[in-house]
Every structure is written in C-alpha cells, then in structure tokens.
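Accompanying notes for the structure given below.
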Amino acid sequence: MKQEKLIKRTNMCGDLRITDVGKEVRLNGWVQRRRNLGTLIFVDLRDKTGITQIVFDEKTPADVIAKADSLRSEYTIGVVGKVRERESKNPDLPTGAIEVEASDLLIYSKAETPPIYIKDDDNVDENLRLKYRFLDLRKPHMQRNLAFRSKVTTLARNFFAEEGFTEVETPMLIKPTPEGARDYLVPSRVNPGKFYALPQSPQLFKQLLMVGGTDRYFQIAKCFRDEDLRADRQPEFTQIDFEMSFVDEDDILSVQERFLKRLFKELKGVDIEIPLRRMPWVEAMERFGSDKPDLRFGFELKKLNDALKGCDFAVFRDVIEAGGDVRGVNINGYSDKFSRKDIDKMTDHIKKSFGAKGLAWIRVEEGGAVNSPIAKFFTEDQMAKILAVFDAKPNDLILIVSDKVPQIVFNSLGFLRRDLAGKLGLLDPNRFELLWVVEFPLFEKDLETGELSAMHHPFTCPVLDDVPLLDTDPLKVMSRTYDIVLNGVEMGGGGIRIHDSELQAKMFQVLGISDEDAQRKFGFLLEAFRYGAPPHGGMAYGLDRMVMLLLGEESIREVIAFPKNQAAQCLMSDAPSFADASALQELHITTVEE
Ligand code: ASP
C-alpha cells in the first residue's frame with residue numbers, strides 16, 4: 001500500500017527537557033514562527049502541548065535548509081533532529097532549555113496567511129474568532145480549555161460509575177419536555193405534519209428510567225432550548241444529569257458533595273469543606289437579594305419597614321402601607337469610591353432592568369453627619385433608626401429601594417450588591433464559595449401576565465406540609481428543591497420529584513393545564529406512575545458553566561469547541577441555512593416569506 005510520507009513522532013512539542021539532550025527525536029506540528037538569520041533558521045514548532053525551538057544551521061543538509069527557508073506561519077511539518085542544550089535559554093517556556101537541531105524536514109501542508117493570530121492575547125473581534133474557529137482552537141488557552149473540560153467529564157463518569165450510577169443515553173427526538181423555554185422542532189418525514197422536539201433536558205426520560213428500575217442514572221446530556229439569547233446562553237448546551245431512586249434530599253446532596261469535593265481537589269487543588277452550607281431560598285433573597293448569592297463579600301440587605309412605619313416620606317410610607325418592601329444595602333467603607341454620577345448610573349440601570357422606581361441614598365460623613373437627599377423627610381430619631389439598622393459608620397454608602405412588588409426590590413439590590421463588589425475588586429477569582437440554596441417556591445407569578453408557572457419545572461415535589469395550600473394559596477407552596485451556587489452563579493439544580501399520578505395531575509391543574517392537555521402531553525408519565533413508581537429525585541449541572549467557572553473564563557463560548565453566536569448562528573458553517581425546496585417538500589413543509 002502506498003502511504004503518504006509521515007515522520008512518525010516520538011515526542012510532543014511540549015515534552016522535551018534538558019535531560020533529553022542527545023536524543024534523536026521526531027516532532028510534528030504547526031510553524032508558530034520562522035526567523036531567518038542568514039546562516040541560521042529558527043522555527044518555533046507548536047502542537048497542543050507547547051512549543052519547541054527547531055534550529056537549522058550550517059550542519060543541516062542544503063536541501064533541508066532550502067525547505068526550511070520556505071516555511072511560513074501555520075505550515076504543518078515534521079522534523080527529525082537531535083536535542084541539544086540552548087545557548088540562550090528561555091525561562092518562560094517549559095522547553096526553553098533545549099532546542100532540536102534538524103537533520104530532516106517534511107512539509108505536510110502549506111498555509112495561507114491566517115486571518116487571525118494564533119496567540120491568546122490577540123484581542124480580535126469574537127465573530128472573527130468564531131468564523132475561523134478551526135484556527136482559534138489552535139490557541140494554547142483553547143486547547144487547555146478543551147482538555148480541562150474533558151478532565152471534568154472523565155472525572156464525572158468515573159465518580160458516577162463508582163457510586164453505582166448507570167450511564168444511559170436518552171433519546172434526542174422526543175415529545176416536548178417543558179423546562180420553561182421554546183422547543184426546537186424537527187419535522188417527521190414519515191409522519192406527515194408531525195414533529196419531534198429536541199429535548200430541553202432528559203427530565204421525563206430520567207424519571208421514567210426510575211420507574212423502569214434503573215435506580216441510579218447519569219448522562220452527559222446535550223440539551224436544546226430555543227431562547228432569546230442572553231449574554232451567557234447557548235441554544236445547545238451540555239448537562240451532567242442524574243437521577244436516583246428511594247432517596248430524599250440528604251441522600252442526593254451528600255453524594256453530590258462528595259462529587260464536588262473530588263472535582264475541586266483533583267482539578268483545582270482546592271479543598272472544599274463539606275457538608276456545604278444550605279440556605280433556604282427565603283433567606284437568600286432577604287440577605288442577598290438573589291437566589292444565587294455570591295458569598296465572597298458582605299453587603300447584606302436589611303429591611304427598613306419597621307424602622308420607617310408611618311414616616312413622613314410618602315414614597316416609603318405608601319409602599320409600606322400597601323404591603324410592599326423598603327430595603328437597603330450598606331456598601332460599608334466605600335462611599336468615597338462612588339460619585340454622584342455613579343449613583344445616577346446605578347439608578348438608571350435598576351429602573352431600566354428591573355422596573356425600580358428610583359434609588360435613595362445616604363452617605364455617612366466623617367464625624368457621623370449624613371448627606372442624603374431624603375434626610376429632610378425623616379426625624380432625627382427615624383434617621384438614627386435607619387443608621388442603626390445598617391450599623392452605619394463614616395464612609396458608608398446606604399442604598400435604598402422601595403416597591404410594592406418585593407421582587408423588584410430584591411432584583412435591584414441583589415444586582416447592585418454584586419455589581420458594586422465587582423467594581424470594588426472584591427470578586428476574588430481564586431476563592432470558591434459554594435452553597436446549596438434550598439426550598440424554592442414551587443410557583444412564580446409572571447409580573448406582566450399574572451400567570452403562574454413552575455419555578456423549576458412541573459414535575460417538582462411540593463414540601464409535603466404545603467400540599468393543602470395548592471388549592472388555597474399556591475404562591476405560598478414551597479418545593480423540595482436545591483440549586484448549587486458558586487460565587488453568585490447557579491451551577492446546577494434539581495429536586496425531589498412527584499411520583500404520584502394524582503399529585504402530578506393536581507400540579508398540572510394548578511398550572512392551568514387542562515386534564516385533556518395533560519393527558520395528551522404527559523399521559524405516558526401519569527400512566528407510568530400508576531404502575532409502582534419509586535420516590536425519586538435528581539439534578540443537573542450545567543457543564544459549560546461549571547467548566548467556565550473552574551477555569552475563571554468570562555464566557556461559556558470559551559469552553560465550547562464550536563459555539564453559536566448571540567444570534568444562534570454558527571458563523572463557521574453558516575448554520576442555520578435555508579433548506580432545498582425538495583427537502584421541504586419531502587417534509588411536507590411550506591414556508592412563507594416574511
Ligand atoms: N431537568 C432539570 C433542568 O434541566 C434539572 C433537574 O431537575 O434534574 O434544569
């Protein structure tokens with residue numbers, strides 16, 4: 001058989017050290033750069049493990065020198081040579097003490113001038129990086145990220161297998177599973193007019209695996225959600241998904257704490273203390289204004305309703321009388337870091353993003369005097385009470401938001417607390433503050449439409465004592481749920497599920513899903529529950545986010561090999577694209593022009 005020529009490699013480009021001097025080696029890779037100094041040609045040869053300096057000199061055969069002279073950036077080559085000690089060493093490079101003196105060179109393929117630089121700090125427009133992802137992936141940090149991601153999934157597979165979980169692939173072409181987003185639909189050619197959905201998560205199938213006796217399931221699962229893309233979302237993403245039978249919350253959380261401990265120890269060298277703290281959702285909201293509190297810094301929220309009842313400031317008084325909230329946060333010790341203009345910007349932001357009506361502020365001056373546009377509305381005694389609530393000291397900046405809708409107050413203050421901590425440089429990337437936020441409300445009410453929806457998903461079990469409230473006051477019903485939060489980001493979540501067909505039917509009813517609709521959409525689940533369903537629960541981690549956080553990257557696109565852009569497009573392959581008329585016809589689809 002005729003074979004393409006290949007210099008079979010003995011080492012990777014990041015391997016060689018001073019102890020290898022004298023060895024004959026064969027390396028393959030890309031030309032990072034070539035320098036021609038007349039009698040000497042240097043080539044930095046790169047692969048995913050690093051760079052080795054290759055040198056061509058007066059001892060190199062003339063035909064090899066000529067080939068070396070023709071090399072350009074990103075040519076792929078093979079080199080044969082001998083390792084020798086470098087005269088001028090490069091302490092920044094792991095291979096910096098040696099170089100390879102070339103005796104032979106093979107050019108596998110030439111390269112046009114690349115449209116992006118192959119270096120980490122290229123500062124190039126992200127769209128260009130995504131268009132030329134095959135080049136972008138050659139950068140050291142992209143290869144590091146992919147390798148790290150692979151370590152995470154390998155560790156997860158090993159851990160779950162050791163703990164008795166069975167890896168099962170659930171189908172990709174399914175009936176919709178509602179997880180709060182739109183489905184991607186796939187037309188069925190052999191069932192005219194009918195559609196599959198791509199799974200938003202394996203939720204229903206993993207529950208059916210429990211009914212099916214699998215007992216402990218896990219999967220590294222692709223999920224699809226057709227959402228309006230926010231900064232850090234992708235239409236397809238990956239979860240580490242699992243489910244367990246005959247368990248309660250304690251069983252699930254303790255297995256996961258062992259997983260997280262191992263993950264942090266083996267991949268970050270960080271010892272996390274387990275059991276992790278558990279914070280009820282209500283406490284997380286009241287103290288931090290967020291269901292994913294960042295615990296790397298203080299700035300806890302305080303409620304002012306009691307201190308201000310009956311005060312002369314109509315805005316606060318009316319809100320309190322209407323059953324709303326007046327709350328604030330003390331950015332203690334940092335008043336001098338924020339100008340009047342900064343506060344105006346904060347005000348604009350919370351008005352626009354969260355629907356807040358405004359932002360009141362109090363600065364505490366040296367000596368204890370207060371500077372605040374709302375001071376005139378309060379008696380001395382009332383102001384003293386406010387300051388006492390915040391334990392105020394000189395150079396404190398107290399920010400106060402009031403609204404009839406407590407959620408607006410929480411969202412605004414929760415945002416400000418973390419945003420200002422960021423501006424003050426208090427978000428230490430080397431600190432990992434993990435916690436469980438537990439017992440979320442079962443339902444939430446859309447502020448605009450007033451409709452109820454499931455806060456996690458409709459298969460979540462209510463706290464049993466709250467079940468009677470399903471009929472009378474569903475918004476008061478709490479759920480058997482838990483989210484894992486790391487440094488203010490939700491890294492995963494799940495819950496104990498309903499395993500009783502009557503309770504599940506009741507849940508659909510509260511959500512305004514008619515019996516008929518429930519039967520049509522989820523009849524198979526309700527039926528399965530009638531044949532002996534084990535109590536069960538589970539959760540899913542967002543793998544992309546987890547890897548991003550562990551690596552300290554700013555965006556999940558840095559840890560996904562081929563991500564979509566903000567418009568859900570793959571700029572490299574130009575997906576999505578128009579389908580051929582014949583393909584559409586086969587699928588029984590007609591399109592309409594907008
Ligand atoms: N299926 C849920 C989700 O994707 C996770 C779970 O409840 O296990 O968020």
Side-chain angles (χ1 to χ4, degrees), residues 156 160 163 165-172 174-184 197-211 214-227 230 232-245 247-249 251-253 255-256 259-260 281 291-292 436-444 453-463 478-486 489-499 504 507 511 521-522 525 533-546 556:
F160 281 99
E163 296 273 344
F165 288 76
T166 307
E167 183 168 5
V168 182
E169 291 148 77
T170 52
M172 288 284 116
I174 66 164
K175 230 176 143 92
T177 307
E179 295 262 6
R182 278 190 207 91
D183 284 316
Y184 278 100
L198 298 178
Q200 293 190 31
S201 88
Q203 187 62 35
L204 289 179
F205 285 93
K206 67 174 173 175
Q207 291 191 241
L208 291 162
L209 282 170
M210 296 303 104
V211 180
T214 309
D215 199 86
R216 289 184 166 202
Y217 137 94
F218 101 99
Q219 178 178 201
I220 298 185
K222 262 308 179 69
C223 305
F224 304 85
R225 296 184 191 177
D226 186 2
E227 296 180 282
R230 280 180 269 149
D232 215 18
R233 295 281 168 113
Q234 286 282 306
E236 59 176 302
F237 59 95
T238 310
Q239 290 185 339
I240 302 176
D241 187 49
F242 72 90
E243 197 75 10
M244 302 164 75
S245 289
V247 288
D248 62 15
E249 290 88 333
D251 298 309
I252 293 175
L253 299 199
V255 173
Q256 291 318 304
F259 169 62
L260 292 165
W281 177 89
D291 56 6
K292 31 184 184 293
W436 297 106
V437 175
V438 300
E439 279 198 25
F440 286 66
L442 190 59
F443 302 103
E444 62 190 338
S453 61
M455 201 178 248
H456 267 72
H457 50 62
F459 315 104
T460 305
C461 193
V463 167
M478 303 310 271
S479 64
R480 299 180 66 185
T481 41
Y482 33 81
D483 273 6
I484 182 79
V485 175
L486 171 59
V489 181
E490 178 202 331
M491 203 163 61
I496 300 296
R497 324 298 181 186
I498 297 169
H499 66 279
Q504 185 64 67
M507 182 78 182
L511 285 168
K521 289 185 179 148
F522 312 112
L525 182 75
H536 62 284
M539 72 180 267
Y541 296 96
L543 175 67
D544 311 291
R545 265 195 227 171
M546 177 189 268
I556 56 171

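Residue indices begin at 1 and follow the sequence shown. Excluded from the calculations below are hydrogen atoms, water molecules and symmetry mates; all remaining heavy atoms, backbone and side chain alike, are included. Whatever order the structure lists them in is the order used to number ligands and atoms, beginning at 1.
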For ligand 1, which atoms sit closer than 4.0 Å to a heavy atom of K206? 6 (C), 8 (O)

side-chain contact (heavy atoms from CB on, under 4.5 Å) test vs L442 passes for just one of R480, M507, M478, namely M507

Which of the numbered atoms in ligand 1 are below 4.0 angstrom from a heavy atom of R225? 3 (C), 4 (O)

Quick one: look at H457 and ligand 1, take heavy-atom pairs under 4.0 Å, and tell me if it's side chain, backbone, both or neither. side chain

Do L209 and V168 make a side-chain contact, defined as non-hydrogen atoms from C-beta onward lying under 4.5 Å apart? yes

Looking at atom 5 (C) of ligand 1, what's its closest protein heavy atom, distance included? G493 O, 3.5 Å

Report yes if the side chains of F237 and I556 come closer than 4.5 Å at any heavy-atom pair, otherwise no. no

Which ligand 1 atoms, with their elements, are less than 4.0 angstrom from a heavy-atom of G494? 6 (C), 7 (O)

Start with the C-alpha distance between E236 and K222, add both sets of side-chain angles, then the distance that settles salt bridge (Lys or Arg N to Asp or Glu O under 4.0 Å), and finish with yes or no. CA-CA 7 Å; E236 59 176 302; K222 262 308 179 69; 2.8 Å; yes

Nearest neighbour of atom 6 (C) of ligand 1 from the list E243, Q239, Q203, on a heavy-atom basis: Q203

Out of H499, R497, Q207, which one pairs with H536 under the side-chain hydrogen bond (donor to acceptor under 3.5 Å, both in side chains) rule? Q207

Sub-4.5 Å side-chain heavy-atom contact between D241 and F205: no

Check if R497 has a non-hydrogen atom at a distance under 4.0 Å from any atom of ligand 1. yes

Numbered in order shown, the ligand 1 atoms found under 4.0 Å of a heavy atom of S201 are 1 (N), 4 (O)

According to salt bridge (Lys or Arg N to Asp or Glu O under 4.0 Å), who are the partners of E167, at least two apart in sequence or on a separate chain? R157

For atom 9 (O) of ligand 1, grab the closest protein heavy atom and report residue, atom and distance to one decimal in Å. E179 OE1, 3.7 Å

